[in-house]
Amino acid sequence: MVTLRYFKGLLVLDVYAPGAKWSDELKAYITYAYKYAEVKKYFRSEGVDIQDYVFDNTPPFPSIVDEIKLRDYQFEALRSWILRGKRGVIVLPTGAGKTIVALKAIASLRESTLVVVPTIDLMHQWANSIREILKADVGEIGGGVDKVSGITVITYDSAYTRAEELGNKFFFVIFDEVHHLPSEGYSLMAKMYAAPHRMGLTATPEREDGKHIMYPDLVGPIVYRKGVEDFAGKYIASFDIKKVYVKMTEEEERKYKELRSNLKKFLEKRNLTLRSLDDFNRLVRLASKDKEAREALLAWHESLKIAVNSKAKVDKLKELLKEFKDEKIIIFTRDTQLAYDLSKLFLIPVVTYKTSKDERKEILEKFRKGVYRVIVASTVFDEGVDVPDANIGIVLGGYGTKRQYLQRLGRLLRGKDKNALLIEIITKGTADYKLSKRRSYIS
DNA sequence: TTGACTCAACATCCTTTGCTACAA
DNA sequence: TTGTAGGTTTCCATGTTGAGTCA
């Protein structure tokens, strides 16, 4: 006979199970709560009777209406998730209806459910979908709201800070934009929830730091995967990607070369290389206590800025805005400064993290209605924001990540009627070219 | 309730396009 | 030709967000 209990994110057992540790404080064996299903399975296989007191005060599942009709691939995704023990990550491109798959899962399982999302915006979007599609009463936790219900939407931050208290209240947890989960704090949060049923949703599972290998442990393996290329022209818009190359001005080139050579000289002098991310991190560490290293790193920052924001890009943009003078366009930049400069130069509205919530809402609304035809944004629209359809995206600068690239592309693919076009303007022969090469999704 | 503020957490950050560099 | 990769860690910058505090 074994007794299972929950205590502040931990699973407490009075009999040893593989992976559990003895706690002198609790006078029992403990492991993180997410091992609940595994531990139970172990004792069952050993033929041990289980007294299970883990889940307590779980909010009752509300009454719902289930009239959801899934598309073939959505059905496939859900089926393969169920077959893998109701655990795992579903990868679908933006606009392919990940939410619908999750709502169907909620409707099928009918267990107390927690939906974890990265932003308040997404929290509202999910809550609305649950109300409208499942006709269910929905709880929300985050952004000053605190209402628990049998289906509750919560931010990652709140799920983290309230994990001890909420960890044994939900049998089913859905992690939206699950690529956030492997970070240090959030992965700990995932471990503190006992939920045996887990679903991760994302369009871009891979992380730059390689921590996506943590999915099988935290949520389950990738159980279904489709990319934009599988759906283009069918459920989402078909699209073209165009790369336009420009050259820096002489002045920019002189400055760029000077900065790069400063960096190179420093590296040679110290017998360092900059070939991997580790090399780069070494330089960063060095820069925290070494003046020369700091200057070298600043030279690197500055040179990158020159290449990414070159004047020739702005000139090219001017041409493109003329060429596509009747289309709805979003311009993406890397720096906020360039975003503001473009806004002034072309008299177009700008959105960055400095833009107030109200103003952002107003700009997006006017863009939706067609009052504004062109808007410029820094990296704010890369995720989780419900950006109205545009059919042309012009990338002036960004990170070297496929994630950002795909998210930005996703902004153009919501409607399937029009052909979308993503134009990338790249400064030839510079680090900007490198970044573009790295993110290029057809590698 | 709001708005302005601060703080903490998270993410990116690498290769002069192209194939590592070196010791045993 | 072949095999193997120096921290023992807490961060130069900038961008972005959620939460908490206080008026």
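Here is the naming used below: chain letters follow the sequence lines, and residue numbers restart at 1 for every chain. Computed from a predicted model, the values in this text were never measured in an experiment.
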Touch class at under 4.0 angstrom, heavy-atom based, for A/Thr155 against every strand present: sugar-phosphate
A/Gln125-A/Asp121 side chain donor-acceptor pair, cut-off 3.5 Å: no
Check: A/Gln407/A/Asp382 side-chain N/O donor and acceptor closer than 3.5 Å: no
Detail all sub-3.5 Å separations between protein N/O atoms and N/O atoms belonging to nucleotides 18-23 of chain B.
{"from": "B/dG18", "atom 1": "OP1", "to": "A/Lys434", "atom 2": "NZ", "distance (Å)": "3.3"}

Structure string for DNA chain B in dot-bracket form, Watson-Crick and G-U at under 3.5 Å, | interchain: .||||||||||........|||||
Side-chain donor-acceptor pair present, A/Tyr340, A/Thr352, cut-off under 3.5 Å: yes
Phosphate OP1/OP2 of B/dC10: any A/His180 side-chain N/O under 4.0 Å: no
Residue whose nearest DNA chain B nucleotide is more 5′ - A/Arg334 or A/Tyr160: A/Tyr160
Residues A/Glu424 and A/Tyr405: side-chain donor-acceptor under 3.5 angstrom: yes
Glycosidic conformation of B/dA4, taking syn as within 90° of 0 and anti otherwise: anti
Distance-only donor-acceptor check, side chains A/Ser129 and A/Thr99, under 3.5 Å: no
Most 5' of A/Pro118 and A/Trp300 on DNA chain C, judged by nearest nucleotide: A/Trp300
Whole-Å C1' distance, C/dA23 and B/dT1: 13 Å
Lys/Arg N to Asp/Glu carboxylate O, A/Asp217 vs A/Lys35, below 4.0 Å: yes
Pair A/Ser303, A/Arg260: side-chain N/O donor-acceptor within cut-off below 3.5 Å: yes
Residue A/Lys357, side-chain atoms from C-beta onward, closest of C/dC12, C/dG18, B/dC13: C/dG18
Lys/Arg N to Asp/Glu carboxylate O, A/Glu258 vs A/Arg254, below 4.0 Å: yes
